[in-house]
Amino acid sequence: MQDKYRIDNHKLIFHPDRVAQWQSGYKNWETAKKIYPIYMEISPVGYCNHRCIFCAKDYIGYKNREIPFDVLKNRLSEIAELGIKSVMFAGEGESTLYKRLPEIIEHCIKIGIDTALTTNMVPFNEKNTEAFVKNCKWIKVSINAGNSETYAKIHGTNENNFNMVINNMKRAVSLKKEKGYSCTLGAQILLLPDNHDTVLELAQITKEAGFDYLVVKPYSQHLSSNTYKYKDISYSKYLYLDEQLKSYNSDNFKIIFRKQTMNKLSDPDDRYSKCRAVPFLWGYIMADGSVYGCSSYLENDKFCYGNINENSFQDIWECDRRKDCYEFVKDKMNAVNCRKNCRMDEINRYLSELENPGEHVNFI
């Protein structure tokens, strides 16, 4: 199986208990308010060392703010007790700029929360790399070109960062092998007209570095982003890369070319009308502590339930503001107008089919 990590699919099928909860609570708030996320995305800092030309969250402004250490640690302990299983540190800032992130991730391991990182990897050093590779289930590096010149243009940084990232990748692989850590090390490139001619170079680099996989993914226009340069990008002209990249696959390295996701962008009729994942199965905490039900609507009050600096997570998740969002999404919001290929897209397709099954489903 080329995509054993199910990056171009979903994993909700492995959580039948939560699906059963959703089925009983989707149209009943008293049940729905007790359905907690399986997965959370947390942005410990709002600032970033890069200014990527495709950044979906550029409208937030890379603000100089972060979640206080004690608040973050205590809330993580709380959400572990509430049944949340995993946290990815990413978001509107570069999460590894949070100086005490290694301590936070170690704490997650102690309380039973799986952790992951999506990062540009520039802030990695000998000390924090050890903590990250030891404790994370996976680390995914955003490296959006196969040479330093194109990388610098796309990431809004200097060319030296390219070699720095590659060296950090190699250090992570070396630590993993030396210490026998199980962390999956991956990279991803957002396929753009500006970098399509460097994808093969990047495939060679990531394979030689010893990484486990490289994801080639499409751009998806964020509804609030200041950036519209790639809004109407067509991926039909780049699908040839799928075949070319297959030659890099081996027992230890895989290319995950997200062709299915690319094809979905060009099919305007292939869309559910209701979002069934929000506000149930995942959540997002911004660097100012605000809790949202959907990362496509950050700074939209309809999707903000409260702030972890002011209230417990349980109080926030079960509050009237989330109830209002629940009723809005269920009764009024048309998901056809949402961001295409959002993080919950495949889950929404699954839940939509579950609620509206075809004929003869009992003949399994």
message: When you compare the side chain of K264 with that of N341, does any pair of heavy atoms fall below 4.5 Å?
response: yes
task: For the pair W317 (side chain) and I35 (backbone), establish whether a donor and an acceptor sit closer than 3.5 Å, ignoring hydrogens and angles.
output: yes
Y305 six-ring centre to R321 NZ/CZ under 6.0 Å and within 45° of normal: no
query: Among side-chain atoms of Q21 and Y36, is any donor-acceptor pair under 3.5 angstrom?
result: no
field: cation_pi(K237, Y240) dist<6.0 Å, angle<=45
entry: no
message: Less than 6.0 angstrom from the centroid, inside 45 degrees of the normal: does R51 satisfy that with respect to the ring of Y62?
response: yes
- prompt: Does the distance from a Lys or Arg side-chain N to an Asp or Glu carboxylate O, for D70 and R75, drop under 4.0 Å?
  reply: no
message: Between R343 (side chain only) and W282 (backbone N and O only), is there a donor and an acceptor less than 3.5 Å apart?
response: no
query: Hey, are N49 and E94 close enough side-chain-wise for a donor-acceptor pair under 3.5 Å?
result: no
- prompt: Is it true that the side chains of T184 and D212 contain a donor and an acceptor less than 3.5 Å apart?
  reply: no
query: Can you check salt bridge (Lys or Arg N to Asp or Glu O under 4.0 Å) on E30 and K33, steps first, answer last?
result: CA-CA 6 Å; E30 290 305 312; K33 72 179 183 181; 3.3 Å; yes
query: Q221 and Y219: side-chain donor and acceptor closer than 3.5 Å?
result: yes
query: Would you say the side chains of E92 and S43 form a donor-acceptor pair under 3.5 Å?
result: yes
query: Are T198 and N147 close enough that a side-chain donor and a side-chain acceptor fall under 3.5 Å?
result: no
message: Quick one about H107 and S77 (side-chain donor to acceptor, distance below 3.5 Å, no hydrogens or angles considered), yes or no?
response: yes
message: Check for me whether the distance between the ring centres of F124 and F132 falls short of 6.0 Å.
response: yes
Enumerate, atom names and distances included, each donor-acceptor pair closer than 3.5 Å involving a side-chain atom of residues 292-301, sequence neighbours excluded.
residue : atom : partner : partner atom : Å
Y292    : OH   : E299    : N            : 3.0
N300    : OD1  : K302    : N            : 3.0

- request: Tell me whether the centres of the aromatic rings in H155 and F162 are closer together than 6.0 Å.
  value: no
- request: May I ask you to say whether K63 pairs ionically with D288, meaning some side-chain N is under 4.0 Å from a carboxylate O?
  value: no
- request: Indicate yes or no for a side-chain donor-acceptor contact from K207 to the backbone of Y248 under 3.5 Å, with no hydrogens or angles considered.
  value: yes
message: Pairing donors with acceptors under 3.5 angstrom, does anything connect the side chains of D345 and Y272?
response: yes
Using residues 351-364 as the side-chain source, report each donor-acceptor pair under 3.5 Å to any protein atom, sequence neighbours left out, with the distance given to one decimal.
residue : atom : partner : partner atom : Å
E355    : OE1  : R276    : NE           : 2.4
E355    : OE1  : R276    : NH2          : 3.1
N356    : ND2  : S352    : O            : 3.1

message: Determine whether a donor-acceptor pair (N or O, by modelled atom type, separation under 3.5 Å) exists between the side chain of N144 and the backbone of I154.
response: no
